[in-house]
Amino acid sequence: MASPESRYVPADLEPRRQRRWAELGLDRTPEPSEVRAENFYALSMFPYPSGNLHMGHVRNYVITDVIARVQRLRGRRVLHPMGWDAFGLPAENAAIERGVDPAEWTGRNIAQMRAQLQRLGLSIDWEREVTTCSPDYYRWTQWLFLQFLEAGLAYRREATVNWDPVDQTVLANEQVDAEGRSWRSGAKVEKRRLRQWFLRITAMADALLDELPQLEGWPERVRTMQANWIGRSRGALLRFPLAEGDGSVQVFTTRPDTIHGVSYVVLAPEHPLVEQLTSPGQQPAVEAFRAEVAATSEQDRVADDRPKRGVALGGTVRHPFSGEAVPVWTADYVLPEYGTGAVMGVPAHDSRDFAFANAHGLPIRTVVVPTEGAAPAEPLAEAFTAPGRLVNSGPFDGLVGEEAIHAVVAAAVAAGCGEARTTYRLRDWLISRQRYWGCPIPVIHCDSCGVVPVPVDQLPVELPTDVDLSGSGGSPLERAEAWRRVPCPCCGADARRETDTMDTFMCSSWYYLRYTDAGNAAEPFSRAAVDRWLPVDQYVGGVEHAILHLLYSRFFTKVLAERGLVGCREPFRRLLTQGMVQGITYRSPSTRRYVPPAAVADPGAPTDPDTGEALEVFYEKMSKSKHNGVDPGAVIDRYGADTARMFILFKAPPEKDLEWDDADVEGQYRFLQRIWRLCDGANRGGLRLADPLPLPSTLTDGERDLRRAVHGAIQAIEEDLLGDELQCNTAVAELMKLSNALGSGLATVRPAVAREALATLLVLLAPFAPHLADELWEQLGGEGSVHRQRWPELDRSALTRDTVTVVLQVKGKVRGQLEVPADTSGDELERLALASDVAQRWLEGTAPRRVIVVPGKLVNLVP
RNA sequence: GCCCGUGUAAUCCAACGGUAGAGAUAGGCGACUUAAAAUCGCUCCAGUGCGGGUUCGAAUCCCGCCACGGGCACCA
């Protein structure tokens, strides 16, 4: 008598499976001595512990988990860690608003998020957890800072910096978007002149750019973004001597070949030579102009397509080659921060100069013409900016392109009025922050010794705990007098601690190194441990860090490599940038108010519950303010973690945005239930996974069909998960296809074939739905855990067919099919095709002009 | 303005240059049921954003557009 059907109850099964995994120590990273295997490092971008896990986290960590689990099944020794990017403003703001201690607040959030994460069944080695705000960790962040200081890569200087008026701190250039807004607060940043700490990332600009092409496992788009950000441009520095007095105006240009087309020189209004070059008559106009520009916001100043305003200074410089007098102007289209803050105006060959010259009646002199075809008619309608052949350029006439550039630069060098120069958009990384909840910069200011590094044996410089976090009036550490006062490590005199803390991106620039040796109390990580695991085999995270975190981490790795601390120059071999998780969003077209989905009566025709008008419906990144978020915990409560995992993997390819849809989640749940019933039925039918039976020497047609489905799935899923692109969505579709094949085929095959099919299904399912696969594995009497199995071996012979369907085309159009033995030769196929009804009907008796045969696929008859 | 990506069925997504559909959601029909849900079976729906080109054959390659998303942008 068969036992009754059992039910799939994830809420009951999942915690049980997780307890079992913990007992078995499945997630622990094996020591090299335990397992002889290749290493695989699977890494997710660690979260800020806000206390709430959201769907973006779930997607990120589930993708990485699938990769980690697949690699384990394939016999690799896997490192799959997790940690917390735990310094940062929300903790401090909570302290200001609610009076809670930032450390406590952060600790609570971590505990809460860890518990939420663990419900997902991620195979994370929690023994290697790192927390950046823990003194055990930030001690080493400080140690690394001192390495930079010693290498001359950390320095303090006064500079014009971005100030976030909401967060009350400065920001690095990377942390301000194109609209001039802070990446965190969204506030418009202001420019301030302050003395700050920087890391000399520009020293690595060439390496950061030139080594980008090696990152073949990175999305093209991220590499392009980094290249744009670094913004290298090669050109020359040219000096125009002042007409009166000593000195010269230096300009940077990428087109030194156009030097003879210069009709004026422009200085940025902030340029130090403006005053000196202003004639008495022009003084009022220049002063008025500078005041006007100073009053313009940064954004307006930089906006494109605005008239190029400027005034002549009255002074002149001499052309470095011809000696002619060149008038000097100041204009708002020249930026003080880029190049030398001065530009040579060549209206004929630069569109900005062209616009400026036309607006102010300056001469336009053509010195470059196309190498082929006619020169543009004069007066020019627009600037000719392409490279070409030089004319009206004295000794340089006739030279072309690069050759012309080199000749002009060589002549400038010989004359002592210039040299080749490369400039970058990239600026040094501003790491000072005027906030409390960050890693203290470990230096001491002494009146006689200057800036003194804190000796390594005194690390960490711990944050004081009794601090006034009122949220106003500068850095809280400045008010911690007792903490600040400290003897100078050099001379012993009274000295003061640095009160700036570090940008949290410092903490996250090396956490992936710490994971390899998380318990090390003597150093941040041992060289051996790092070399064993780095570079990371697969990194997964959001594209919002395309520049920020990923650029900083590359910089860190290169510096550490040059100091012999790590053995590789690039930290992340492969990078997957996952798309956003979007929720369905309802908005009232008239009030622009977001309406919660719960308030929408009929999702088919959504109307505003208050006004009754039809609502706009679209998908957008989940957020509280739009009422479009879905809580991962609620989904797990209702369907279980496996359904949530499967859905999020299946709904869209990992790189693309994903539209959350409750109906699809339901569908995913049904699929897992189908698998449950399939296995339950097999179980009650007496199938046991533990007894591997030899396959019969001859198989029935049904058995061969089932084996073809099984091995077809192995092949397809291997391609999806191990190929260049990770395609979890199609891998899940293959699992569905396989389970459909089992559903119809399992009952009619002998136990050996059924056993192979079911065991394969469960092992292939294990990385995606780890709880369910393991539970069913156990129920069916499988040995050990499904997660300790070997990835199924592909039997190519199972994929073969006796007969295949060959498509008959006439002139590329499908006109019929032929069912032929799989090994039919091309000649035979051609003969069969020509003899077919299709040929009779479509060729009307004439012989085809051409016949294309693709054996096993198609025959194309071309009349 | 420049660069990158994406456009396929009502919807989400597949398709080494070779039969446009793997998979799913929603819809329709049927079976089971007193009925419904669940389940099972069947089924409707696109010629691939637009216009050219290459090819025996194009969703796929090339050229020119359009729409959406993203990055950079008076960067000399």
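Chain naming here is simple, since letters A, B, ... match the order of the sequence lines and numbering starts at 1 in each.
In this structure B:rG47 sits in the syn conformation; its chi angle is within 90° of 0.
Atom P of nucleotide B:rA76 and atom CG of A:Asp257 are separated by 14 Å, given to the nearest angstrom. Taking atom CG of A:Leu212 as the reference point, atom C1' of B:rC4 lies 14 Å away to the nearest angstrom. Computed from coordinates, the A:Tyr338 OH to B:rC72 P distance equals 16 Å when rounded to whole Å. We find that CG of A:Leu735 is positioned 12 Å from P of B:rA24, with the value rounded to whole Å. In this structure, A:Asp350 atom CG and B:rC74 atom C1' are separated by 9 Å, rounded to whole Å. When rounded to the nearest whole Å, the span between CD of A:Glu655 and C1' of B:rG69 equals 15 Å. Note: CD1 (A:Ile852) to C1' (B:rG18) measures 11 Å, nearest angstrom. Between the P atom of B:rU39 and the CG atom of A:Leu678 lies a distance of 15 Å, rounded to the nearest Å.
Relative to the side chain of A:Asp661, the nucleotides B:rC12, B:rG23, B:rU25 differ in distance, and B:rU25 lies closest. Among B:rA76, B:rC13, B:rC74, the nucleotide with an atom closest to any side-chain atom of A:Phe252 is B:rA76. In this structure, the nucleotide among B:rC72, B:rA26, B:rA22 sitting nearest to the side chain of A:Ala663 is B:rA26. For A:Glu734, the listed nucleotide lying nearest its side chain is B:rA22; candidates were B:rA22, B:rC16, B:rC13. Relative to the side chain of A:Gln817, the nucleotides B:rA38, B:rU19, B:rG23 differ in distance, and B:rU19 lies closest. Of all nucleotides listed (B:rA38, B:rA76, B:rC40), B:rC40 comes nearest to the side chain of A:Arg674. Closest to the side chain of A:Trp229, out of B:rG18, B:rC72, B:rC13, is B:rC72. Across B:rA22, B:rA20, B:rU25, the shortest atom-to-atom separation from the side chain of A:Arg670 is found for B:rU25. Of the listed nucleotides (B:rC72, B:rC74, B:rA22), B:rC72 has the atom at the smallest distance from the side chain of A:Asn228. Checking B:rG70, B:rC72, B:rC56 against the side-chain heavy atoms of A:Arg221 singles out B:rG70 as nearest.
A:Pro219 comes within 4.0 angstrom of no nucleic acid atom, judged by non-hydrogen atoms across all strands. Residue A:Val814 is classed as a sugar-phosphate contact, given heavy-atom separations below 4.0 Å to backbone atoms only. Looking at heavy-atom distances under 4.0 Å, A:Asn860 makes contact with a base. Across all strands, A:Gly231 comes closer than 4.0 Å to no nucleic acid atom at all (heavy-atom distances). No contact: A:Phe356 has no heavy atom under 4.0 Å from any strand. A:Arg677 comes within contact range of the sugar-phosphate backbone alone, with a heavy-atom separation under 4.0 Å but no base atom that close.
Taking the C1' atom of each, B:rC66 and B:rC16 are spaced 30 Å apart, rounded to whole Å. For the P atoms, the distance linking B:rC13 with B:rG69 amounts to 16 Å, nearest Å. Here, B:rC42 and B:rA22 have their P atoms 14 Å apart, quoted to the whole Å. Taking atom C1' on both B:rC2 and B:rA20, the two are 35 Å apart, rounded to the nearest angstrom. The separation of B:rA26 from B:rU11, taken at their C1' atoms, amounts to 7 Å, rounded to a whole angstrom. For B:rG30 and B:rA37, the P atoms lie 13 Å apart once the distance is rounded to whole Å. When the C1' atom is used for both B:rG57 and B:rU19, the distance is 12 Å, rounded to whole Å. Distance noted for atom C1' between B:rG18 and B:rA10: 30 Å (whole Å).
Donor-acceptor pairing under 3.5 Å, judged by distance alone, is absent between the side chain of A:Lys651 and the base of B:rC12. Between the side chain of A:Glu220 and the base of B:rG5, no donor-acceptor pair under 3.5 Å is found.
Of the two residues contacting RNA chain B, namely A:Leu658 and A:Asp664, the nearest-nucleotide position lying further toward the 5' end is that of A:Leu658. Both A:Thr423 and A:Thr805 sit near RNA chain B, but only A:Thr805 has its closest nucleotide nearer the 5' end.
Summarising the local packing, CD of A:Glu216 is surrounded by 12 or fewer heavy atoms from other residues, nucleotides or ligands at distances under 6.0 Å.
Partners of A:Val804 under the side chain to side chain contact (heavy atoms under 4.5 Å, CB included) rule, at least two apart in sequence or in another chain, are A:Arg801, A:Val806, A:Val820, A:Ala822.
With a cut-off of 3.5 Å on both pairing distances, B:rA22 has no Watson-Crick or G-U wobble partner at all. With a cut-off of 3.5 Å on both Watson-Crick or G-U wobble distances, the partner of B:rA14 is given as none. Pairing for B:rU8 is absent, with no Watson-Crick or G-U wobble pair whose two atom distances lie under 3.5 Å. Under the Watson-Crick or G-U wobble criterion, with both distances below 3.5 Å, B:rG1 is paired with B:rC72. With both pairing distances under 3.5 Å, B:rC65 is matched to B:rG49 as a Watson-Crick or G-U wobble pair. In a base pair of the Watson-Crick type (N1 to N3 plus N6-O4 or O6-N4) or a G-U wobble (N1-O2 and O6-N3), with each distance short of 3.5 Å, B:rU33 is matched with no nucleotide. Across all strands shown, nothing is found opposite B:rU60 as a Watson-Crick or G-U wobble partner with both distances under 3.5 Å.
Under 4.0 Å is where a charged nitrogen must lie from a carboxylate oxygen, and between A:Arg677 and A:Asp680 no such pair does.
Ring to ring, A:Trp660 and A:Tyr619 are not that close: their centroids are 6.0 angstrom or more apart. Between A:Tyr586 and A:Phe618, the ring center distance fails the sub-6.0 Å criterion.
Contact annotation: A:Ser351 does not reach the phosphate of B:rC74 (side-chain N/O to OP1 or OP2, under 4.0 Å).
The aromatic rings of A:His545 and A:His549 lie perpendicular to each other, with more than 60° between the two planes, well past the 30° mark. Using cut-offs of 30° and 60° for the angle between ring planes, the A:Phe252 and A:Tyr338 rings count as perpendicular.
Residue A:Gln582 forms a side-chain contact (heavy atoms from CB on, under 4.5 Å) with just one option from A:Asp661, A:Asp657, A:Leu658, A:Asn628, and that option is A:Asp657.
The line from OG of A:Ser263 to NE2 of A:His319 is 10.0 Å long, rounded to the nearest 0.5 Å.
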